[in-house]
Structures are given as structure tokens and as C-alpha cells.
Amino acid sequence: MSMYGRDPWGGPLEISHADSATDDERSRTLHDIDRAALSASSRPLDETQQSWLLAGPGDQGTKKKKYVDLGCLIVSRKIFLWTVGSLVAAAVLAGFVTLIVKTVPRHHRPKPPPDNYTLALHKALMFFNAQRSGPLPKHNNVSWRGNSGMKDGLSDPAVRRNLVGGFYDAGDAIKFNFPASFAMTMLSWSVIEYSAKYEAAGELSHVKELIKWGADYLLKTFNSSADTIDRIAAQVGQGDTSGGPTPNDHYCWMRPEDIDYPRPVYECHSCSDLAAEMAAALAAASIVFKDSKTYSQKLVHGATTLFKFSRDQRGRYSAGGSDPSLFYNSTSYWDEYVWGGTWMYLATGNTSYLQLATHPKLAKHAGAFWGGPDYGVFSWDNKLTGAQVLLSRLRLFLSPGYPYEEILRTFHNQTGIVMCSYLPIFKSFNRTKGGLIQLNHGRPQPLQYVVNAAFLATVYSDYLDAADTPGWYCGPNFFSTDVLRNFAKSQIDYILGNNPQKMSYIVGFGNRYPKHVHHRGASIPKNGVKYNCKGGWKWRDTHKPNPHTIIGAMVAGPDKHDGFHDVRTNYNYTEPTLAGNAGLVAALVALSSESNGVDKNTIFSAVPPMTPTPPPPPAPWKP
């Protein structure tokens, strides 16, 4: 008879009564199994086990104390104590050594002193502090300067616009928007590429503050909240002295703080060059301040309005023999279209700007294909070379492809040709016996062009390095990027004092520098006396050094024979300018050794991922 139960594995569980056993039977079976197991496992005991079994009550504990049972291991107590003691001693010794190392003063290798480029950078930025107009911030750090131009724009009955602020251009008190905008664009470009170097030098917040000071003023010179404008305030102050002894910024020699003569505002209604350059300045600044979203968008909106105005109202801002034409005459606005369009694309990511900047007809009008004696000379007037370098950067890092590739490749090749022209083995430009390249062909005030070329050479070499490209070709000859940096260093070293005059052309740098700088504020003492228009002439004409040192000012420079005359009345030697110092700052930070290389990505922060458009299909075949 069987009983059925549930089998957990899915079948019936059968229990047979015939196979069941009583408790006694199971007990006898287990007893037999235990006895068999004992007999099967019987073997000789080792000495230790025998000692445990045979030890008497008095000595069993003594025997066990000679060994330590670790559960899975039985070891001699003596060996165990030695091992533990050794570990403790080693731990104590290690702790003691660590304590000694931490308490003994360390002799770190001292940080190397800043190189000459970094030292000069600190000073070159201070020049912009000395050029400020309007209410000065408390931390301006130029003791002989004060508030000035506090009624600019408001005192002109034809304008009645608040134009307080900005920077004075040079040794006078005129505010020229055209070169000032270029100066701000250059400062912004240098910050975008080398913010880490500025940070390492402790100057990042300083240079950004200067850029904001300039950008805020530019926003005042037009209706920056509007989408469409019909005018720009291009200049404050007047420099033309042909009208006789009428008090103005060039006829008078006065401290800016004491000016009491009228300061007219020059407005323009068709000024493509100025508007496009101002757009470039605001667009570049918007990238610098991209982390301040509201302010950056304000700058982009202003730049967009300006660039639209530049395209709608064609014309040169300095046409017709106007006051600006006497000092900062613009030869064309086509280069500003390429330059401004490039910066607008980088600030907005809007490809319509890139299409404009890379249009072959625009490049042709800007002089990209005809060369000429000034081809490759980057300045406040001609920005084509700077735009070509920027667009070469775009090709190197983003490679946008069709439909831009053809013109971008052309610009890239032309950039290489320009870099070749800077090298001594090529005869595109003469050099003085002291080694200064004559980018303006022996004309006065050469240094402003030299520093721009030094910056372009350095930043382009950094682009090539960042793209893992060791150099470039000049015809059949290959040159490494070090050649470009060496060119830049040779030119900046000349300016810093490695020249036949053994003179630094940056005021306050080195042991010998110009002491009679053509600068009204620096040449008139701050002694509580207000010198009128002609009363300051005695300070202009004196042979005594300036009572104030305008730290960081780069003067106009030597002549084509390396000669230099430290004479206040000769501005071709001793006058500094905003545009010149901006190029100097850019070159110095690029060459400084605080850190290496450019920031590859920040300049493209507003540019969306690029998906090249496929080229059009070929024309259908015709037999």
C-alpha cells in the first residue's frame, strides 16, 4: 500500500510503509555508521595533538600557551608575537617619518620671475587707465588724472546726447570712435585667445574692465536699443587748426580736467566702415562677456543694429574732408565688411554673416587678390589680414566645408603668404639696420603696425600648434611655427630696448625710456593751477621731462634709420595712441610664458555644430 504526496519537482511523492523503519532500527544503524567512521578515520596523531590529549590537568594550559589558534591556522605564539610586534613597530616608524616630513620646512623651487613680456604687459594696460574720460573709478590708479569731459555730447546743442565716458585717443582729448573701436576689438580678441595667460598674470579682470569701459561708451554713440538707426556719433572734440586760433583740442594745450572750450560732436549718416568696425568691437566683447548673459545679449543686439546700418547706408565715415579725415582717414569699407562680418558670425552663429564675409566679390573689393605695397599690413584702417587669420582659424578647427571651403582655403593660403612676407629672408618689407620691420615703408609712427604683425604671427603659430600642424610652406620651403614666434619676439624685443638706441619705447619699462611724451595730461603738473588754452604752451615747449610718467604708453617710435628724438613737440616720435597700445597688449600677452597656447573653443561658443551642405550635383551629361 502506498501513500501519495505532492512532489515539489512536479511529480507524485510515494511513501511506502514497507520501507519505513522504527526508531530503534534507525538508532542501531547510526551507531554502526559512527563506529565505521571512527575506524576509517583512525590515523597517527602528530606531536602537538598527542600532547593535548595526554597532558594532565596541571600542564594542559601551559602546553596550549605555546601556540595560537587563529581558526584556520595554528602558529607558534613566539612567531605570532614577533610578527605583530614588527608590524606595530613599522607603523610607528612610518608615522614618525611622516611627522618629520610634514613638520620640517620645505624648500620649494621658487617660481621663476615674470618674463619681460609679462612685466611689460602690466604696464601697457595702465596706459588705458590714463586715457579714460568721464567719471573715473576709485581704483583707476593714475594719481594725476581726474574726472573730465563730463558734459561731452550734452554741451553740443545740435546733439544733446550723453557721450560722457570712453577713452581719449592719444596725447590730445579727442574721442575718435574709429581707432577706439579697433582697439577694443583687439583687446577682446586677445582675451578670447589668451584668457588663461591674463589670469595667470593677474590682469584678466583689469583688461575686461577696460573692454567694458570702451564698449559701454560705444553703446552711447547710437540708439543701441533700436533695430534700425540713421546716425552715429563718430567723434567728440575737434582737431583741425586750419581755421586759425580757435580753441580746440589741438590748438590748446590743457589738462583734460581743465578744458573749458566747446567740444563739438561729429555725426555721420552713411559710415559703413565705422559702423562695421563698431559692430566688430561689440561682437567680440560679447564673446568676452558670454557668461554675463544679459550684458552679452545687449552687446550682440547693438552689434546687429550697427552692422545692418553699415550695409544699408553705404559710405566712408571720413569722406568729404571732414575732421576725422585729417587724422584717421578710412580708405575703404570693404575690409570692415569682411572683418565685421566674421566677428558677427562668431558672436551669433548666424551663417548669413559667414556667407557675406566669405563672398568672393567682397574679398575682391577688400583687396584680397590684388596685393599691393600694403598687403598684409594690419592696422586700424585695413583689417583684411586680421579677418583672413580669423577665417583660417575657422577652417583649421571647424572645417565648415561647402560652400565656404574654396574661399576659406584661399584665405588660408593668403595668410601663409602674409606670414612669409614677415620673415627676413623675403624682401616684401625692408628692415632697419637694427632689425625693425618697415611695414609702413619708412613713414613715421611705425610701431603700431609692428605690434599688430607680431600678434598675428604669434596667434597664427599657436593656431597651427593647436591643430597639430608643425609649420607652413613658403613656396617649396617649409618653416616651423617657431620661426613665426622668433620673428614676433625680435620685433617686441626691439621695442623693449634691444635696439641701437638702447631705449625702451614703452614708458616706464626698463632703465631708459622717453621722458618727453607728447601728452597733455602727463606734461602739465597737477598743482592746483588751471592753465588756459595758451597758458599750457609753456609746458608743451619746455625741455624739462614730463612731471608725470604715463606708465605703459608705447610712443610712435623711431625713424627708418633707427633714430629717435625724445622731443615733446614732435608727435611722430613721442605720441602714443589707443590703437597702438592695444596691438602691443595683444602681442605681449601672446608671447608671455605664463601658460601656453590659445583657447580653441571659446571663440566658437555661439557657433552651432556645422553640417556641411552637400555640393550641387553635376550638370546632366549631354552627348
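Note that this is a predicted model, so its numbers are computed, not measured. If you read the sequence from its start, that first residue is 1, and numbering goes on from there.
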Query raised in the report: Is it true that the side chains of Ser523 and Trp253 contain a donor and an acceptor less than 3.5 Å apart?
Result: yes
Query raised in the report: Is Val450 close to Tyr494 at the side-chain level, that is, under 4.5 Å between some pair of heavy atoms?
Result: no
Query raised in the report: Taking everything shown except His139 itself, do over 12 heavy atoms lie less than 6.0 Å from its NE2?
Result: yes
**Report entry** Any side-chain heavy-atom pair of Tyr460 and Asp465 under 4.5 Å
**Finding:** no
Report summary line: ring pair (Phe, Tyr, Trp, His ring centres under 6.0 Å) with Trp189: of Tyr194, Phe455, Phe182, only one passes, and it is Phe455
Query - Presence of salt bridge, Glu193 and Arg393, under 4.0 angstrom - result: yes
Report task. Please work out whether the ring planes of Phe327 and Phe176 are parallel, tilted or perpendicular, with thresholds of 30° and 60°. Result -> tilted
Requested in this report: Would you please test Tyr168 and Asp249 for side chain to side chain donor-acceptor pair (under 3.5 Å) and show each step?
Outcome: CA-CA 11 Å; Tyr168 298 128; Asp249 290 284; over 6 Å; no
Query raised in the report: Is the backbone of Ser292 close enough, under 3.5 Å, to the side chain of Ser296 for a donor and an acceptor to pair up by distance?
Result: no
Requested in this report: Determine whether more than 12 heavy atoms belonging to other residues, nucleotides or ligands lie under 6.0 Å from atom NZ of Lys560.
Outcome: no
Query raised in the report: side-chain contact (heavy atoms from CB on, under 4.5 Å) with Pro547: which residues, sequence neighbours excluded?
Result: Pro525
**Report entry** Identified ring pair (Phe, Tyr, Trp, His ring centres under 6.0 Å) counterpart of Phe178 within the set Tyr328, Tyr317, Tyr333
**Finding:** Tyr317
Query raised in the report: What's the spacing between Met278 CE and Leu219 CG if we round to 0.5 Å?
Result: 8.0 Å
Requested in this report: Kindly indicate whether the side chain of Val207, heavy atoms from C-beta on, has any atom under 4.5 Å from the side chain of Leu125.
Outcome: yes
Query - Side-chain (Ser318) to main-chain (Ser330) donor-acceptor, under 3.5 angstrom - result: yes
Query - Basic-acidic side-chain contact under 4.0 Å: Asp156, Arg161 - result: no
Query - Heavy-atom pair of closest approach, residues Ser190 and Tyr198 - result: OG-OH, 2.8 Å
Query raised in the report: When you look at CG of Asn527, are more than 12 heavy atoms from neighbouring residues, nucleotides or ligands closer to it than 6.0 Å?
Result: yes
Report summary line: So CZ of Arg263 and NZ of Lys175: to nearest 0.5 Å the spacing works out to 6.0 Å
Query - Under 3.5 Å side-chain donor-acceptor pair for Asp566 and Tyr513 - result: no
Query raised in the report: Distance from Gln445 atom CD to Tyr449 atom OH, nearest 0.5 Å?
Result: 7.0 Å
Report task. Kindly say whether Ser332 contributes a backbone atom to a donor-acceptor pair with the side chain of Arg316 at under 3.5 angstrom? Result -> no
Query raised in the report: Do Asn499 and Leu436 pass the side-chain contact (heavy atoms from CB on, under 4.5 Å) test, and can you show the C-alpha distance, the side-chain angles, and the key distance before you say yes or no?
Result: CA-CA 8 Å; Asn499 55 64; Leu436 186 69; over 6 Å; no
Query - Close side-chain approach of Phe128 to Leu187, heavy-atom, < 4.5 Å - result: yes
Query raised in the report: Can you find a heavy atom in the side chain of His441 that is under 4.5 Å from one in the side chain of Pro373?
Result: yes
Query raised in the report: Is the closest basic N to carboxylate O distance between Asp260 and Lys530 below 4.0 Å?
Result: yes
Report task. Return yes if some donor-acceptor pair links the side-chain N/O of Glu257 with the main-chain N/O of Gly146 below 3.5 Å, else return no. Result -> yes
**Report entry** Closest contact, heavy atoms only, Gly239 versus Asp323
**Finding:** N-OD2, 3.3 Å
Query raised in the report: Strictly by modelled atom types, are Asn140 and Arg132 linked by a side-chain donor-acceptor pair under 3.5 Å?
Result: yes
Query raised in the report: Are Gln238 and Ile174 side-chain neighbours, meaning at least one heavy-atom pair lies under 4.5 Å?
Result: no
Query raised in the report: Just by modelled atom types, is the Leu136 backbone N or O under 3.5 Å from a matching donor or acceptor in the Asn147 side chain?
Result: yes
Query - Val159/Glu267 under side-chain contact (heavy atoms from CB on, under 4.5 Å): CA gap, chis, key distance, verdict - result: CA-CA 9 Å; Val159 177; Glu267 287 189 327; 4.0 Å; yes
Query raised in the report: Is the CZ atom of Phe429 crowded by more than 12 outside heavy atoms at less than 6.0 Å?
Result: yes
Query raised in the report: Is Lys383 salt-bridged to Glu277, cutoff N-O under 4.0 Å?
Result: yes
Requested in this report: Check the pair Glu203, His122 against side chain to side chain donor-acceptor pair (under 3.5 Å), reporting the backbone distance first and the verdict last.
Outcome: CA-CA 7 Å; Glu203 291 287 1; His122 296 307; 2.8 Å; yes
Requested in this report: Take Gln131 and His519, measure what side-chain contact (heavy atoms from CB on, under 4.5 Å) needs, and give me the verdict at the end.
Outcome: CA-CA 10 Å; Gln131 295 300 102; His519 192 275; 2.7 Å; yes
Query - Side-chain donor or acceptor of Ser325 paired with backbone N/O of Ser322 under 3.5 Å - result: yes
**Report entry** Nearest non-hydrogen partners of Ala284 and Thr185, listed with the distance
**Finding:** CB-CG2, 4.3 Å
Query raised in the report: So, Arg568 side chain and Arg520 main chain: donor-acceptor pair closer than 3.5 Å or not?
Result: no
Query raised in the report: Are Thr542 and His516 close enough, and set up right, to give a side-chain contact (heavy atoms from CB on, under 4.5 Å), and what steps lead you there?
Result: CA-CA 9 Å; Thr542 181; His516 304 80; over 6 Å; no
Query raised in the report: Parallel, tilted or perpendicular: which fits the ring planes of Trp537 and Tyr251, with parallel below 30° and perpendicular above 60°?
Result: perpendicular
Report task. Please round to the nearest 0.5 Å and tell me the distance separating atom CZ of Phe127 and atom CG of Leu210. Result -> 11.5 Å
Report task. Please indicate whether Lys151 has more than 12 foreign heavy atoms, meaning atoms of other residues, nucleotides or ligands, lying under 6.0 Å from its NZ. Result -> no
**Report entry** Side chain to side chain, Val451 and Ile495, heavy atoms closer than 4.5 Å
**Finding:** yes
Requested in this report: Indicate the atoms forming the closest heavy-atom contact of Ile232 with Cys271, along with that distance.
Outcome: CD1-SG, 4.2 Å
Query raised in the report: Are the side chains of Tyr117 and Ser593 in touch, meaning some heavy atoms are under 4.5 Å apart?
Result: no
Query - Nearest heavy atoms of Asp374 and Leu439, plus distance in Å - result: OD1-O, 4.3 Å
Query raised in the report: Between the side chains of Arg145 and Asn129, is a donor N or O closer than 3.5 angstrom to an acceptor N or O?
Result: no
Query raised in the report: How far does SG of Cys420 sit from CD1 of Ile425, to the nearest 0.5 angstrom?
Result: 8.0 Å
**Report entry** Whether Asn248 side chain and Asp240 backbone form a donor-acceptor pair below 3.5 Å
**Finding:** yes
Query raised in the report: So, for Glu336 and Asp273, which heavy atoms are closest and what is the spacing to 0.1 Å?
Result: CG-O, 3.4 Å
Report task. Would you check if the side chain of Lys220 reaches a backbone N or O of Val164 as a donor-acceptor pair within less than 3.5 Å? Result -> yes
Query raised in the report: Rounded to the nearest 0.5 Å, how far does CG of Asp335 lie from OG1 of Thr331?
Result: 6.5 Å
Report task. Please confirm whether Lys212 makes a cation-pi placement over Tyr295, using NZ or CZ under 6.0 Å from the six-membered ring centre and within 45° of the ring normal. Result -> yes
**Report entry** No-hydrogen, no-angle side-chain donor-acceptor test under 3.5 Å, Asn382 and Ser379
**Finding:** no
Requested in this report: Classify the side-chain pair Thr602/Asp599 by whether it contains a donor and acceptor separated by less than 3.5 Å.
Outcome: yes
